Peer 1: 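Right, I'll just put the structure down here and ask away after.
Below, chain A is the first sequence line, B the second, and so on; all start at residue 1. Computed from heavy atoms alone, side chains included, the values below leave out hydrogens, waters and symmetry copies. This is a predicted model, so every value here is computed, not measured.
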Number of protein chains: 2
Amino acid sequence: MNGDGATADTMTIRQMCDAFDVTARTLRFYESKDLLAPIRSGTRRLFTRRDRARLKLILRGRRFGFTLDEIGELLDLYDIGDGQATQLRRTLEIASAHLASLEHRRRDLDEAIAELKAQMEWGEARLGRKGARAAPRPLPETPRPAAPGA
Amino acid sequence: MNGDGATADTMTIRQMCDAFDVTARTLRFYESKDLLAPIRSGTRRLFTRRDRARLKLILRGRRFGFTLDEIGELLDLYDIGDGQATQLRRTLEIASAHLASLEHRRRDLDEAIAELKAQMEWGEARLGRKGARAAPRPLPETPRPAAPGA
DNA sequence: ACTGTATTTGACGTTTACGTCAACGGAACG
DNA sequence: CGTTCCGTTGACGTAAACGTCAAATACAGT
């Protein structure tokens, strides 16, 4: 048989590192933060399907700039199972706030993409018509200082 | 006349703090990183329209989890003016990579929003039909350990 | 001139999210 | 049985992005 502790449903730490492109240190760190809870075979960690699902969510949260603490809250959402109704309501409140945050980010993101595309088209136009002397492209509008005596 | 150094087009550091909800330390820090370049009236900083436009972009970049160094690169995009064609091409390459990154984030974000909404609907359904015994909601699929001898 | 408040420049502290050793443990191989 | 890998647990280091505190300066109003 293959010597390592991995079964059909569990993975060793190295397999996890390869599958998700993270370091072992990172996985141990997440465990210390209670984001993951691999089982043990002797002293060694074995990561379950649940750990993999959670890690996937952690990595996505990270790409959005959530802190690990915030991600921990979100993870609990996927992990209720049998909480009381009160606890469930509270969780839904947190989820609702996070959803609003995500949708706000989405609007920002759309705006950023549109502006970046516009900038790039401007740049490409300059490369195309080499001699073109366009006016220095306008910067987005920003708050003006308020006249105190108005 | 109002005593401070602010004119119709410039703002003092405090006005900036109020307008953008950042601390003075942050503004000075960004200046030290060459992200902002306020002019001086004596020793005091006066932030121009350009500084405000750049700060707006910095803050948006931050919300997406870009580092300040990355944001610096993006800012240069909005700031070429008269670079050589080679430099402009290089800048467009960087921009293109950032655009791809932004669009990837957008896809991730859409997925995250969809999953979060689904979770919330599941939770609300449990609150509604109090006695409902649904199967423990499925977790998203993840990589399985590969059978080494296959 | 005096006082008070806003600003400036260092310098050092802090938090987050890991990286980097060091020292040890066990198991698999020859 | 010795060696060679992983793997584990601390302990300490680090980079980014500021916070905090101190000491000095600069104006503004009286």
Peer 1: Tell me whether the side-chain N/O atoms of Y30(B) come closer than 4.0 Å to OP1 or OP2 in dC18(D).
Peer 2: yes
Peer 1: Respond yes when some side-chain nitrogen or oxygen of R40(B) is under 4.0 Å from OP1 or OP2 of dA26(D), and no when none is.
Peer 2: no
Peer 1: Could you state the CZ-C1' distance from R62(B) to dC18(D), rounded to the nearest angstrom?
Peer 2: 9 Å
Peer 1: CG of L36(B) versus P of dT8(C): gap in Å, rounded?
Peer 2: 13 Å
Peer 1: Can you list the residues that meet the salt bridge (charged side-chain N to carboxylate O under 4.0 Å, His left out) rule with R44(B), with sequence neighbours excluded?
Peer 2: none
Peer 1: What is the distance, to the nearest angstrom, from the CG atom on L27(A) to the C1' atom on dT9(D)?
Peer 2: 16 Å
Peer 1: Could you tell me the separation between the CD atom of Q15(B) and the P atom of dT5(C), rounded to a whole number of Å?
Peer 2: 19 Å
Peer 1: Whole angstrom is fine here: how far is it from CD in E31(A) over to P in dT8(D)?
Peer 2: 8 Å
Peer 1: Is the phosphate of dA6(C), meaning OP1 or OP2, less than 4.0 Å from a side-chain N or O of T12(B)?
Peer 2: no
Peer 1: Could you tell me whether the side chain of E103(A) and the main chain of A100(A) form a donor-acceptor pair under 3.5 Å?
Peer 2: no
Peer 1: Could you write nucleotides 21-27 of chain C as a row of B, S and -, 5' to 3', where a protein heavy atom under 4.0 Å of any base atom gives B, of only sugar-phosphate atoms gives S, and otherwise -?
Peer 2: ----BB-
Peer 1: Roughly how far apart are F20(A) CZ and L27(A) CG, rounded to 0.5 Å?
Peer 2: 9.0 Å
Peer 1: Rounding to a whole Å, what distance do you find between L46(B):CG and dT7(C):P?
Peer 2: 11 Å
Peer 1: Both T67(B) and G42(B) contact DNA chain D. Which one's nearest nucleotide lies toward the 5' end?
Peer 2: T67(B)
Peer 1: Tabulate atom names and distances for all N/O pairs under 3.5 angstrom spanning the protein and nucleotides 20-23 of chain D.
Peer 2:
| residue | atom | partner | partner atom | Å |
| --- | --- | --- | --- | --- |
| dT20(D) | O4 | R25(B) | NE | 3.2 |

Peer 1: Could you state the atom-to-atom distance from CG of L59(A) to C1' of dC18(C) in whole Å?
Peer 2: 13 Å
Peer 1: Under 4.0 angstrom, heavy atoms only, what part of the nucleic acid is R14(B) near: base, sugar-phosphate, or nothing?
Peer 2: sugar-phosphate
Peer 1: Rounded to the nearest angstrom, tell me the gap between atom CZ in F66(B) and atom C1' in dA15(D).
Peer 2: 19 Å
Peer 1: Using the ring pair (Phe, Tyr, Trp, His ring centres under 6.0 Å) criterion, which residues pair with Y30(A)? Sequence neighbours excluded.
Peer 2: none
Peer 1: Can you run down the salt bridge (Lys or Arg N to Asp or Glu O under 4.0 Å) pairs that involve residues 34-43 of chain A, sequence neighbours left out, and say none if there aren't any?
Peer 2: E31(A)-R40(A)
Peer 1: Under a 3.5 Å distance rule, please check whether E121(A) uses its side chain to pair with a backbone N or O of A118(A) as donor and acceptor.
Peer 2: no
Peer 1: Tell me the closest heavy-atom pair linking L36(A) and D51(A), and the distance in Å.
Peer 2: CD2-O, 3.6 Å
Peer 1: Given dG19(D), dG19(C), dA17(D), identify the nucleotide with an atom nearest to the side chain of T26(B).
Peer 2: dG19(D)
Peer 1: What's the closest nucleotide to the L68(B) side chain, out of dA17(D), dT9(D), dT7(C)?
Peer 2: dA17(D)
Peer 1: Given dA26(D), is OP1 or OP2 found less than 4.0 Å from the side-chain N or O atoms of R45(B)?
Peer 2: no
Peer 1: Taking the six-membered ring of F47(B), is NZ or CZ of R28(B) closer than 6.0 Å to its centre and within 45° of its axis?
Peer 2: no
Peer 1: Quick one: pull up CG in L109(A) and CG in L102(B) and give me the separation to the nearest 0.5 Å.
Peer 2: 5.5 Å
Peer 1: Name the closest nucleotide to the F29(B) side chain, picking from dA17(D), dG7(D), dG19(C).
Peer 2: dA17(D)
Peer 1: Applying salt bridge (Lys or Arg N to Asp or Glu O under 4.0 Å) as the test, list every pair that has at least one member in residues 12-22 of chain B; sequence neighbours left out.
Peer 2: none
Peer 1: Does dC18(D) have its OP1 or OP2 closer than 4.0 Å to a side-chain nitrogen or oxygen of T23(B)?
Peer 2: no
